[in-house]
Structures are given as structure tokens and as C-alpha cells.
Amino acid sequence: MNPFSQQETAMTPSPLIARFRQSLVDAGNPRFDDFEALHRWSVERPDAFWRAVWNFDGIESPDTPQQMLASNAMPGARWCPGVRVNYARQMFRHVAVAEASGHPAIIAEDERGPVETISWTALARRVSAFALALRDLGVARGDRVAAYLPNRPEAAIAFLACASIGAVWAICAPDMGVPAILDRFRQIEPKVLIATDGVFYAGRALDLSGTVQQLRDALPSVEALVLVRSGLGTGDFADAHDFGAMQSATGTEVDAFEPEWLPFDHPLWIVYSSGTTGKPKALVHGHGGILLGSAAGRIHSDLGASYGDRTPGERFHWFSSTGWMMWNTQIGGLLSGATICIFDGSPMGSRDTPDWGTLWRFVARNRVTFFGSGAQFFTLCAKSGLDFSQLGDLSRLRALGSTASPLPAAVQSDISERIAAAGCRDIWWLNSSGGTDICGAFCTGNRELPEARGKLQCRQLGAAVEAWDEDGRSVIDAVGELVCTRPLPNMPLYLWGDTDGSRYRDSYFDLYPGVWRHGDWLKIEPDGTCEIFGRSDATINRGGHRMGTSEIYSAVERLDSVADSLVIDVRREDSDSELLLFIVPAPGADREATHAAIRGAIRAELSPRFTPDRIIEVTAVPRTLSSKKLELPIKRLFEGAPVERILDPSAMANPKCLSEFAALAEKFQR
């Protein structure tokens, strides 16, 4: 059976990727018999492919691209020279038709229940007003604006306003500790800080006034504080500018505002890596690269316009905090003309009375059609035994998305069966894997292909993804390093502060010069399906939120009661992971007090997400001869690899501790 033979019906409209294929034929490109042939063409003919994506998505510009890829060097690829675009302007193109159709731009809720619905016209007006207010504060092209905000409409409005005038956006979530935030914001020297003075999370009201003051005091580059007043803060910020007033201005200037045309590679936002080997990398992405990359991503995700004939009433929700790149993806739903539904709060409700039906009821109430989250969320929902028939009307739901970690096949099957039993059938799963580094996916889904439970259906179009063995050879049906051998437009322009590009090269091109090494273990099956086997580097990934081990060590090892530490995130057979923290206690340290202090330090300085599942006391931390902690070998040891295959005692500074870890790993496996 030809996998491209699906016919469009009133009940099952053709996938977006089918329409894209037809657009290729209409433009004189080849007709492809299967997805693998289409993917091969997309990476071998990048100029033709990305021009087709540009045209299919209708990317607006006063210029016609003469070349899509002018230089294919990695790093250093040049895309669309001489072309101007603007992310916010691309979003604004939907305002008139979406408003006429009666579909809102944003529907927002928080744990306390109030619903805010923002029309497309109101969103454009608020963005315009706030953009003009930022200009009045002296913000110009290239200036950085840092935000300390939860997942609320204010964050979306502020980001789009920055994009409109060419300011560079960066955001951290309120669940991050002050040191972790400062490690990020100090690098970029923001001119303006936008912050909230309080949040309501997991059933508790939190006054964040003290944090806002600490951030302001520690960021001397900040010339203006813009405060999003929550009603929960008690701080006195008499000289702060009020966000509400700034976004609500009206007048002829607001009505006439248009986002600036910017160079294709003008910086859009700065997102941050985990900081595994030092300060978090400040990854700079450009307007044009993100527009092109997200357009290719939508072809796979099948996301459409709420006013469109193919997806009428499309409503997109991907649960995320503002500290995860999926927040950027959620906001990117506006580029497709979809209504985005955002939830600010805990996915399990109150800590005192956990409820894994919280998000599902949000989805039902707001008639969400596409619901995404981290794989761990779906795993916990399956384990909780949710009765989906009691969660409201989920009949509008057509797609579920999963990312951040591998989704177990059993969990995907369980959720599908439970939803079907509740009357919601024919759910399509978009399992994807990519990263903050590219704000997109390398391996993803395709509604035309057979379901691949626990796997990713295919590699993304345009992404020359391969699995390489230890000798740098491409392998099929074997686990290897995930590499990308050709440029993508949504790869970072550069790392902020990396003046000679050395940190960028060392981060992604150290092992294979000219080839992007992502740091994931990948297996590509003969049929094109893909499976991720976790990180090949030492990044800790908890529900899509990434944190480097160096940041955890910084929080833990400053305690007097801890002499040394090592942290690993271990995947279990059921694909749940456990975060194990090994510590060498200081002489005379009290065990219970030390463990409590560790958990408190991680919660306060980093995030509660990174508190360890187990704290294990050991006599020494395994180190190399150059005194580096042996994180990856110990991780593999605890995931079941034989000790003799992963560690050479002669290469260790302290080989005597190896037997201790081998015994602990054996016990852990049992």
C-alpha cells in the first residue's frame, strides 16, 4: 500500500504534508513515491526544498530570496542574504481573517480558574502598544530584554513586542533559583528587565518580590524595570514601569504601528543550554531561521489555522513553563493562525492533593485539538490510572504530542486506549526529538506514516540526520551518535559572548569537524523510524527542562557537609528516569541534615525539578587522571552496561572506588 494514498474526506482532511507534496509537484518538482525519497531530496537539494517551504508557508518579505543557502559551511552557513523578515509581522498576517472568523488568538487559564480570552485584534493592539512603550524606554534594535515571567499572556505579548522592534528576547521561569537566572542574564547584559512579583503554583501563592529585587540589584546593565503585578507581591517598586499600563495604551500611533523589517539573520531570541561544563550557553537564533525552521516543523506537526478549511477551530496547547523551548513552540502556534491555549500552573494541581486530570480538564474545557507535553507527564498519567471518561468532553482532540524524553510504547498504548474508551478515537501521536539548541526537531512525526509507538516516525524534512558509530560511519539499525551533516536554518547564529566562535565549535563540532553532533544516542530503523536512547553527554533532562551537572554541583558542593558529588539521570526499563546524586560526606556530617540541606539548596538555587530521587553516600567520586568526573560511564553502568566495557581503571585517578560503584549499580538493577 502506498503510504501517500490517503484520500481527503470530510471527517479526515488530508495531512498538511500531503498538501506540501502536491505544492512541490505543482511547482515542477518531482513526485515522490514514499517519505524516504522525499526526505532524501530535501537534504540533497536544500535550496529547492527551503524555497518550497518558504512559498508553501507564505513567509512575507519585501524581498525575493535570490539564494536560500548561500554558504553551507557548518558553523557559519549563510541563509537568504539580503532578505528582510520579521517574526511578529509574520504572525500579524493572520489578524484580519482570524478576527473575521471569530476565533481568538489566546485562551489563558491558571490554577485559580479565571479564563482570559484575547482576540487577534486585541493581541496586535497590546503588542503594538508595548513595543512603542519599549521604544520610549530607549530600547532599540539589538538591545536585550530579559523576562522573569510565568506562562501567561504577558510573556507572549512582551516577546512579540520585542520581536517587532528588533530587540533580543530572553526569558527565565519563576521556578529557577536566582544564581541560575543570573548565570544566564548576566551574560547578555539586558537593558530592560520585565518581571512578575508573584505566582500561584501547586496550590500555593508565592511572593517573588525579593527575587525581583535581587535580580535588579545584580544586573547593573538594567536601565528600567517593568513590573507585571500579580496581586501576590509585597515589594515596593516605586520606580517600576507598570506592564498593564504599557500594553493598554491606545491612539493613532498604536493603530498605525507595524513591525520593522529586519535582516534575515537579525537576532530574535536567546535561549540557554544547560550549562553542563560551565556557564550555560547563550544560543542566539535569528528571525528568518526560526521562521523557516518552524514552517518545516509545522508541515510535520500538521498544525493548521483555526480559520482554515482543513483545521477549523484549531486550538493548540503544549504544556510548558517559560524555561523550556516548548514555550517558544507554543507561541509559534500563532504563526500558523491557530488559537493557542496556555496554562499557568502545576500539571498535577496542588501538592497536597495531586490530580493528574488537571491538564486534561483544561484541554476539554477549551476544546483543544492538539495537546502536547513531556513524555514523563504521559507516563505519570498512565500510572495514576486516570479515568478519561470523567475528565470532560475530549472529542475535539485529534493529536497528542510528546517530547523531552523517549515515550514508552506501553504508555502511548495505554493513553490511546483510555482516551478511545472515553469516546475520543483516531488520535495521532506526534513524538519528536530535537532540542533548545535548534528550537526545533531532528526526528519527528508524519500523519501519513504508520504509527510507531515508543518511537519517532521519521527524520524531519531538511534535516540531514544520521546515526554515526565510533568510526564516524553512518549506521542503520544500530545505536550511534545523532549527527546532522548539513546546515539547518534554525541552528544558532552564534553563542552570545563567543567572539571567536570557539565555544560554538567546541560544543557541536568538536568530534566531527563540519558535522553537528547533538549529544543524543539515536537508532534509525530500516523503515526510517527512529528511537532515542538518551543523552550521550551529561545533560540532566527532567520533563524537557535541561540543567547541566555543573550547576547542580555548584549548589550541592558549596555546602560544608558535602565533600564531593556526582549526579546522573538513569533511564529505567519502563523509561521512567531516576536522578541519582552520589555524595562524599564531609567528616562528621549529619546524614539527615545533609540530605535535607542538599534538597533545599537545589530547590532554592536551581529548581525543584532537579531535586534527586535518591541521595547515595559513597567513599569517592570516580575521576579521570585529569580529575574530571566520570559521569557518562557511571550513567551507563547504572543502566546495565558491564563495567569492563565502559571503564578502564588505568585511566582513572582513583580506581579503587570502581568496585563500590559496580556493587551499587548491581543492586540498583535488581
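Each residue takes its place number in the sequence, starting with 1.
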Hey, are the side chains of [X] and [Y] touching, using non-hydrogen atoms and a 4.5 Å cut-off?
| X | Y | answer |
| --- | --- | --- |
| Leu24 | Phe49 | no |
| Arg78 | Asn72 | no |
| Phe370 | Leu397 | no |
| Cys439 | Thr329 | no |

Any side-chain to backbone donor/acceptor pair from [X] onto [Y]? Under 3.5 Å, distance only.
| X | Y | value |
| --- | --- | --- |
| Asp302 | Leu16 | yes |
| Ser577 | Arg571 | no |
| Asn55 | Arg51 | yes |
| Ser306 | Gly337 | yes |
| Glu60 | Gly58 | no |
| Ser61 | Val83 | no |
| Gln457 | Pro450 | yes |
| Ser336 | Gly333 | yes |
| Ser320 | Trp327 | yes |
| Asp506 | Asp510 | no |

Aromatic rings [X] and [Y]: how do their planes relate, parallel, tilted or perpendicular, breaks at 30° and 60°?
| X | Y | value |
| --- | --- | --- |
| His518 | Trp516 | parallel |
| Phe159 | Trp269 | tilted |
| Phe264 | Trp54 | parallel |

Determine whether more than 12 heavy atoms belonging to other residues, nucleotides or ligands lie under 6.0 Å from atom [atom1] of [X].
| X | atom1 | result |
| --- | --- | --- |
| Arg141 | CZ | yes |
| Arg453 | CZ | yes |
| Arg93 | CZ | yes |

Could you tell me whether [X] and [Y] have a side-chain N and a carboxylate O separated by less than 4.0 Å?
| X | Y | result |
| --- | --- | --- |
| Arg19 | Asp309 | yes |
| Glu481 | Arg517 | yes |
| Arg542 | Asp569 | yes |

Exercise. Can the ring centres of His103 and Tyr307 be said to be less than 6.0 Å apart?
Worked result: no

For this session: Could you tell me whether Trp429 and Phe378 have their ring centroids closer than 6.0 angstrom?
Result: yes

Exercise. Do Asn86 and Glu258 get their side chains close enough for a donor-acceptor pair, meaning under 3.5 Å?
Worked result: no

Exercise. Do Gln22 and Asp26 meet the criterion of a side-chain donor-acceptor pair at a distance under 3.5 Å?
Worked result: yes

Exercise. Taking all non-hydrogen atoms of both residues, which atom of Val53 and which atom of Ala296 are closest, and how far apart?
Worked result: CG1-N, 4.0 Å

